Protein chains: 2
Amino acid sequence: MKIDPQNPADLSAQIAQAIKAAIVSGELIVDARLPSEAELADQFQVSRPTVREALKRLAAQSLIRTQRGATGGAFVNRLNFEDAYSQQITTSTLLLSMNAVSFDTACEARYALERACAPLSAERRTPDHLATMRTEIFRQSQPGLTDEAFCASDVAFHRALVDGAGNPVLSYQLAGAVEAMQPLMNMITFSARSRESIIALHTRIADALDARAAGEVDAALVELETYTRQLARDVAERRRKQSG
Amino acid sequence: MKIDPQNPADLSAQIAQAIKAAIVSGELIVDARLPSEAELADQFQVSRPTVREALKRLAAQSLIRTQRGATGGAFVNRLNFEDAYSQQITTSTLLLSMNAVSFDTACEARYALERACAPLSAERRTPDHLATMRTEIFRQSQPGLTDEAFCASDVAFHRALVDGAGNPVLSYQLAGAVEAMQPLMNMITFSARSRESIIALHTRIADALDARAAGEVDAALVELETYTRQLARDVAERRRKQSG
DNA sequence: GACTTTTAAATGTCAGACAAATGAAAAATG
DNA sequence: CATTTTTCATTTGTCTGACATTTAAAAGTC
């Protein structure tokens, strides 16, 4: 962890990389205390601000946490699922918005992954998961709901479905795919009729999960995907006509 | 993007958060140039080192890139799939290694997601994908291959399968699940016989993809998952006996 | 006009300093 | 002696000012 070529540019990046490697390799274990900034500056033969920039890079990735005071310092952070979720969601969202990913591509990925969870969820969902889904369905049926709120509730519904699989790794992986779709979904205007159709499918899904009917969940998800993509095509069509 | 409560701690984190919000919201678009460090210091009423720490936090997440020189500065970075891949892989790997995720949980998630790709891959895989898979199968059959190299080739094989779906969003989401398994897989000792079994299943998968037989791919993946989990159980059993 | 030199602007780095938090040791108190 | 209070050293957070390096544009030179 002491290697540092004498390329006097990007020193903080090199130091961050060295410490990161030590963490990933297990050389630095969870809750281990790093040397103080002054000591690190001495070890790496750089100034304290440079060390600090390196540490901030690591803090941005939730790899370390810092604490002030006598017994303070920088500690290797236990990466928890919650932090990983939010990182994944931002990354996925930006990835989609910055790379002109088509609605179809994102939608296909999302539903493919979600369908992968369906059989497990049908088997393991708890009453809690079902209750959450019913609540969201009820919320979606409220009149006067904005499109944004409808989409947010839609995300909550699908997250409950995914969480029902009882596999935190799956939930983590899916978080990005489901949440990153929201900005794209927000571009769709949901008419009263389209909301009705979606709610009907959501109800079918909830009922099927209730009955532990994996096949029926899958069928409903396929229909939902088809319908969602159709809605997006309609929006695009409408926009094309308006501008043309 | 100018809000900054007068809580004089974590200033760099607050500034990073403000700029990040501006990027996510689209207020700052790709390739937009941020004000110079001196200007930012002036705007936020902090010193330049503090601004720099904030910028390094963003750079660590690939949200910005910096360039020296007269026309240099910090620019909003287009988050590309490659950067997102590697971020996801580190995060997933650390998440698994730091949270004592069981082999079964990780394995289940991985194969559930991979099976989600299988039908798409059967439909869209190109000769290139098949060639990669055949190459890796050949590599796996070489005698004298270390367990680590065998696992690395296994990862490459499965990535080709996933990439065959031709959906970059899927590939991105899967990257974490597939690669993060590698350290866990490395704990398994692959006997000559177990390698043979895995290679046979890999061959079945490649053949099925070649024939565009989605159902057969799925069946082989299920068998591979079962077999992998059995191998892990055997290792655990052996360890238990040794220590007991 | 083509090439070289200068210059200005920006990031990268450094040195030294002070503020603030914090836990532990030392001192005071009953 | 036990408990509370005070002091203090350590560490991070921030600031100021400076210099080095890179880079592209402007100025100068042939």
Side-chain angles (χ1 to χ4, degrees), chain A residues 2-20 22-23 28 31-78, chain B residues 2-20 22-23 28 31-78:
Chain A
K2 269 136 203 153
I3 319 113
D4 234 10
Q6 289 319 312
N7 171 19
D10 288 326
L11 284 178
S12 73
Q14 289 176 43
I15 293 170
Q17 184 54 48
I19 298 177
K20 182 174 175 175
I23 294 176
L28 285 171
D31 291 333
R33 184 180 172 281
L34 272 65
S36 75
E37 294 175 354
E39 285 175 294
L40 285 172
D42 206 52
Q43 274 186 35
F44 287 111
Q45 286 289 300
V46 297
S47 68
R48 195 159 82 94
T50 302
V51 166
R52 281 183 61 80
E53 287 179 10
L55 293 181
K56 294 313 167 198
R57 293 179 117 109
L58 300 175
Q61 298 171 275
S62 304
L63 290 178
I64 62 169
R65 61 177 187 278
T66 57
Q67 204 176 2
R68 291 218 274 195
T71 58
F75 299 85
V76 177
N77 198 30
R78 158 162 278 127
Chain B
K2 268 134 203 157
I3 318 114
D4 235 11
Q6 291 319 310
N7 171 17
D10 288 326
L11 284 178
S12 73
Q14 290 175 41
I15 294 171
Q17 185 52 48
I19 298 176
K20 183 174 175 176
I23 295 176
L28 285 170
D31 289 335
R33 183 180 171 282
L34 273 65
S36 73
E37 295 176 354
E39 287 174 294
L40 285 172
D42 208 52
Q43 274 186 34
F44 287 111
Q45 287 288 299
V46 296
S47 68
R48 194 158 82 93
T50 302
V51 166
R52 281 183 62 79
E53 287 179 9
L55 293 179
K56 293 313 166 198
R57 294 179 115 109
L58 299 174
Q61 298 171 274
S62 304
L63 290 178
I64 62 169
R65 62 177 187 278
T66 56
Q67 205 175 359
R68 292 219 273 192
T71 60
F75 300 84
V76 177
N77 198 32
R78 160 162 277 127

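A note on names: the letters A, B, ... follow the listed sequences, proteins ahead of strands, and every chain is numbered from 1. What you see is a predicted model, and the numbers here were worked out from it, not measured in a lab.
For residues 43-63 of chain B, every residue pair satisfying the salt bridge (Lys or Arg N to Asp or Glu O under 4.0 Å) rule, not counting sequence neighbours, is listed here: A:Arg52-B:Glu53, A:Glu53-B:Arg52, B:Glu37-B:Arg48, B:Glu37-B:Arg52.
Listed by chain and number, the residues in a salt bridge (charged side-chain N to carboxylate O under 4.0 Å, His left out) with B:Arg65 are B:Asp31 (sequence neighbours excluded). Taking the side chain to side chain contact (heavy atoms under 4.5 Å, CB included) definition, one finds that B:Thr71 meets it with nothing, sequence neighbours left out. Residues meeting the salt bridge (charged side-chain N to carboxylate O under 4.0 Å, His left out) test with B:Arg78, sequence neighbours left out: none. In this view, A:Glu39 and A:Pro35, A:Ser36 satisfy the side chain to side chain contact (heavy atoms under 4.5 Å, CB included) rule, not counting sequence neighbours.
As rounded to whole Å, 15 Å separates atom C1' of C:dA10 from atom CZ of B:Arg65. Between the CD1 atom of A:Ile15 and the C1' atom of C:dT13 there is a distance of 11 Å, given to the nearest Å. Atom pair A:Gln45:CD and C:dT13:P shows a separation of 15 Å (rounding to whole Å applied). Atom CG of A:Leu40 and atom P of D:dG13 are 13 Å apart (whole Å). When the P atom of C:dT13 is taken as reference, atom CD of B:Glu53 falls 13 Å away, rounded to whole Å. Nucleotide C:dA21 holds its P atom 12 Å from the CG atom of B:Asp10, rounded to whole Å. Regarding A:Ile64, its CD1 atom lies at a distance of 9 Å from the P atom of D:dG13, rounded to whole Å.
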Polar atoms only, N or O, under 3.5 Å: list the protein pairs with nucleotides 5-12 of chain D and their distances.
unit_1, atom_1, unit_2, atom_2, d
D:dT10, O2, A:Ala70, N, 3.2
D:dT11, O4', A:Gly69, O, 3.0
D:dT12, OP2, A:Glu37, N, 3.1

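A heavy-atom distance below 4.5 Å is found between the side chains of B:Ile15 and B:Val46.
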